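Let me begin by presenting the structure, written as structure tokens, before commenting on it.
Remember, predicted model here, so these are calculated numbers, not experimental data. Counting convention: from 1, in listed order, for ligands and their atoms alike.
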Amino acid sequence: MSEALRVVIWNECRHEQQDEAVRAVYPDGIHKALERGLNEYPGFSIRTATLDEPEHGLTEPVLEETDVLIWWGHKAHGEVADAVAERVRKHVLEGMGLIVLHSSHWAKVFRLLMGTTCSLKWREAGERERIWNLAPSHPITDGIDDYFEIEQEEMYGERFDIPEPDRLIFLSWFQGGEVFRSGCVWERGHGRIFYFRPGHETYPTYRHKDVLRVIANAARWAKPQVRLESQCPMTEPLEELPPRPCR
Ligand code: ZN
């Protein structure tokens, strides 16, 4: 059997501590719900980390041993230390996979890697979301039909200020009429990045079987292809060069 994929699920975990309505949906935190959901699939070795841990639980040794990092944040993006965000970015550029969920569109880490504002339109009205599968041949949509629905979700609408994705995987339609590019992939450096929209904290979205399947597929897809330290070395020529002309 091949080695387990080492996944870290990072959650800000503030709503769950401060908001009774969120605690009712995710009593032990969004990270634990995601962990349980992903553990239904074989091949993952999962640990979790949260904002309040020292260095947000994302120390250099932790990231060195992480194949894929899954990120959920919302109200405390500004409390993520710049040094930790930069450390995550460096590891992505060197090959670590990154899955960015829902309101993490505004996470420091994501904005650093995208280079744009990553802003969007939103509305919290508990409307139906229909998520269309635009890439049935892509590994992230394995086992996903033409579309799936979430009965109640927050609306995210275009324009989503992201760089053009390398490939658009999902497109969402909302009951109120908006559409949104809800599944996008990019490569940055040697790392693979997947943004996936669903997952507002007051809805049980991370118990939805198709949502969990997509995240599990994405974790496998985002696995490092190489792990190469960023360098910028002066290098000697491979062949003998002619003498420089006199000036
Ligand atoms: Zn939300």
Exercise. Between Tyr195 and Phe160, is the gap from one ring center to the other below 6.0 Å?
Worked result: yes
Problem set entry | Sole candidate of Leu51, Thr48, Thr50 that passes side-chain contact (heavy atoms from CB on, under 4.5 Å) when paired with Trp10 | Leu51
Seminar exercise, completed: Paired with Val109, the side-chain contact (heavy atoms from CB on, under 4.5 Å) test is passed by just one of Ile193, Val84, Val92, Leu98, namely Leu98
Problem set entry | Atoms named by residue and atom, protein N, O or S, within reach of the Zn ion (ligand 1) (under 2.8 Å) | His102 NE2, Glu154 OE1, His200 ND1
Problem set entry | Partner set under salt bridge (charged side-chain N to carboxylate O under 4.0 Å, His left out) for Arg159, not counting sequence neighbours | Asp161
Problem set entry | Partners meeting salt bridge (charged side-chain N to carboxylate O under 4.0 Å, His left out) with Glu153 (sequence neighbours left out) | Arg197
For this session: Using the test ring-ring contact (aromatic ring centres under 6.0 Å, His included), find all partners of Trp221 that sit at least two apart in sequence or belong to another chain.
Result: His138
